[in-house]
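Each remark here refers to the structure printed beneath this line.
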Amino acid sequence: MRLTRKRLCSFLIALYCLFSLYAAYHVFFGRRRQAPAGSPRGLRKGAVAPARERRGREQFTLESEEWNPWEGDEKNEQQYRFKTSLQVLNKSTKGKTDLSVQIWGKAAIGLYLWEHIFEGLLDPSDVTAQWREGKSIVGRTQYSFITGPAVIPGYFSVDVNNVVLILNGREKAKIFYATQWLLYAQNLVQIQKLQHLAVVLLGNEHCNNEWINPFLKRNGGFVELLFIIYDSPWINDVDVFQWPLGVATYRNFPVVEASWSMLHDERPYLCNFLGTIYENSSRQALMNILKKDGNDKLCWVSAREHWQPQETNESLKNYQDALLQSDLTLCPVGVNTECYRIYEACSYGSIPVVEDVMTAGSCGNTSVHHSAPLQLLKSMGAPFIFIKNWKELPAILEKEKTIILQEKIERRKMLLQWYQHFRAELKMKFSNILESSFLMKNKS
């Protein structure tokens with residue numbers, strides 16, 4: 001019995017030694033055999049070109065289907081090469097810009113230009129921040145954008161030669177503020193800190209903008225280009241251009257991303273109108289027509305007697321829901337035919353029904369456009385429903401009831417695609433005009 005136990009112990013010890021030798025062989029000799037096929041040690045010998053090294057690793061992996069200990073290194077190397085290529089590409093793109101322009105956003109319409117048309121980002125994203133800035137390249141131009149209460153004349157460094165100044169000239173108090181900015185810019189031009197200046201102006205709703213005339217270069221001033229909102233008779237597409245009103249960014253109307261449900265869902269309301277009703281206005285006539293035919297029960301209607309400049313979070317959401325859940329958005333004229341509602345409806349794929357009549361004031365046809373009002377939108381083929389009188393509305397709503405969902409989906413797609421194209425075209429047109437003017441004058 002004692003002899004048998006000794007033999008068993010000796011056998012187990014011998015087996016353990018054999019297993020240890022086998023394991024040591026694979027650890028020290030087995031891996032070393034594979035090293036030349038893929039390890040950095042093989043590269044140091046210089047006997048095989050890098051391309052063959054990679055082919056060898058690929059072939060080894062395919063043939064053996066074993067774990068490749070250098071796979072992580074290869075992926076890291078590929079990612080590093082990819083990032084380096086991107087950096088080189090970005091540097092080469094930046095190097096190709098011929099013009100640097102800084103945009104000073106001193107009116108809420110500046111956010112429409114930067115975030116909605118240029119699709120630029122702002123840092124910080126907080127809309128209440130004192131100073132916000134962003135950068136973007138369009139065409140051959142590098143743009144920087146600054147905005148916020150802390151952007152004050154004389155309190156920030158000016159290190160560019162070309163500036164676009166965005167101003168509000170809608171009413172007397174705003175004009176005084178805008179004039180101070182123009183006088184500041186004029187001083188910078190006089191001391192040769194600025195070479196070129198363009199202005200984007202939220203004009204007066206009656207197109208009474210004579211206050212800016214002395215600042216225009218054609219009148220002996222220094223403003224080379226003017227992009228103006230509303231159908232000003234000054235528009236000539238030479239040095240004065242029409243610019244869109246856009247969405248109410250001052251009420252925090254957001255950049256809206258189209259979704260599957262926005263396009264495909266059935267919308268519970270035929271139309272919507274949420275707004276202020278002015279006495280003896282066409283808006284009052286609109287409300288009467290909706291009530292007379294009972295269509296106010298089929299549309300999302302919410303009227304108020306007094307205009308409110310600010311939205312609450314609840315009222316903004318309510319308004320956005322109305323746009324999203326209505327097939328049509330009714331756009332009666334206010335002080336001017338052009339209103340934020342038109343562009344906000346486009347953002348949600350709700351077809352604007354636009355009252356196509358001129359309002360009182362000096363707005364109208366120009367030397368290059370003869371389709372006022374809304375010359376810019378019409379010239380770019382806006383797929384809206386234009387009406388001259390709200391008496392046409394009942395027939396439009398009756399027709400709307402017969403349209404099947406698939407047709408509405410196609411119509412929404414067309415509107416959203418048009419609006420995207422509209423903004424892209426404006427971005428390129430704006431940049432091309434600046435480049436043509438500023439660069440040409442630099443050469444001359």
- Message: Tyr230 vs Thr337, test: side-chain hydrogen bond (donor to acceptor under 3.5 Å, both in side chains). Steps then yes/no.
- Response: CA-CA 9 Å; Tyr230 303 124; Thr337 310; over 6 Å; no
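- For Ser326 and Arg267, the side-chain atoms include no donor-acceptor pair closer than 3.5 Å.
- Minimum heavy-atom separation, Ile228 to Ser232: CG2-CB, 4.0 Å.
- For Glu210, the CD atom is densely surrounded, since the number of other residues' heavy atoms within 6.0 Å is greater than 12.
- Partners of Arg423 under the side-chain hydrogen bond (donor to acceptor under 3.5 Å, both in side chains) rule, at least two apart in sequence or in another chain, do not exist in this structure.
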- Message: What verdict does the side-chain hydrogen bond (donor to acceptor under 3.5 Å, both in side chains) test give for Asn219 and Asn213, after you've listed the backbone C-alpha separation in whole Å, the side-chain angles of each residue and the deciding distance to 0.1 Å?
- Response: CA-CA 7 Å; Asn219 298 322; Asn213 244 329; 2.9 Å; yes
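- With respect to Lys174 and Glu171, no salt bridge is recorded, no charged nitrogen being found less than 4.0 Å from a carboxylate O.
- Residues satisfying the side-chain hydrogen bond (donor to acceptor under 3.5 Å, both in side chains) criterion with Lys427, sequence neighbours excluded, are absent altogether.
- Pairs of residues two or more places apart, or lying in two chains, that qualify as side chain to side chain donor-acceptor pair (under 3.5 Å) and include a residue from residues 369-396 are Asp231-Gln375, Glu355-Trp390, Asp356-Lys378, Asp356-Lys388.
- Environment of CD in Gln420: sparse, with no more than 12 heavy atoms of neighbouring residues, nucleotides or ligands closer than 6.0 Å.
- Using bins of under 30°, 30° to 60° and over 60° for the plane-to-plane angle, the ring pair Trp181/Tyr184 lands in the perpendicular bin.
- Ring pair Trp243/Phe430: centre-to-centre distance below 6.0 Å.
- When each of Tyr112, Trp234, Phe241 is paired with Phe227, the ring-ring contact (aromatic ring centres under 6.0 Å, His included) condition holds for Phe241 and for no other.
- For residues 320-361, every residue pair satisfying the ring pair (Phe, Tyr, Trp, His ring centres under 6.0 Å) rule, not counting sequence neighbours, is listed here: Tyr250-Tyr340.
- The backbone N or O of Pro124 lies less than 3.5 Å from a partner atom in the side chain of Arg132, making a donor-acceptor pair.
- Here the two rings, on Trp131 and Tyr155, have centers that are 6.0 Å apart or farther.
- Under the disulfide bond (SG atoms under 2.5 Å apart) criterion, Cys339 pairs with no residue at all, not counting sequence neighbours.
- Between Asp239 and Arg218 there is a salt bridge, with a side-chain nitrogen of the basic residue lying less than 4.0 Å from a carboxylate oxygen of the acidic one.
- For Tyr177, the OH atom counts as densely surrounded, since its 6.0 Å shell holds more than 12 non-hydrogen atoms of other residues, nucleotides or ligands.
- For residues 288-297, there are no side chain to side chain donor-acceptor pair (under 3.5 Å) pairs, not counting sequence neighbours.
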- Message: Under the criterion side-chain hydrogen bond (donor to acceptor under 3.5 Å, both in side chains), I'd like the reasoning laid out for Tyr143 against Gln102: C-alpha separation, chi angles, the key distance, then a yes or no.
- Response: CA-CA 6 Å; Tyr143 290 94; Gln102 189 165 61; over 6 Å; no
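- Counted by atom type alone, Asp126 and Thr128 present one or more donor-acceptor pairs between their side chains at under 3.5 Å.
- For Arg412 and Glu407, the salt-bridge test fails: no basic side-chain N is under 4.0 Å from an acidic carboxylate O.
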- Message: Using side-chain hydrogen bond (donor to acceptor under 3.5 Å, both in side chains), reason through Glu435 and Thr141 one step at a time and then give a plain yes or no.
- Response: CA-CA 7 Å; Glu435 289 171 5; Thr141 305; 2.8 Å; yes
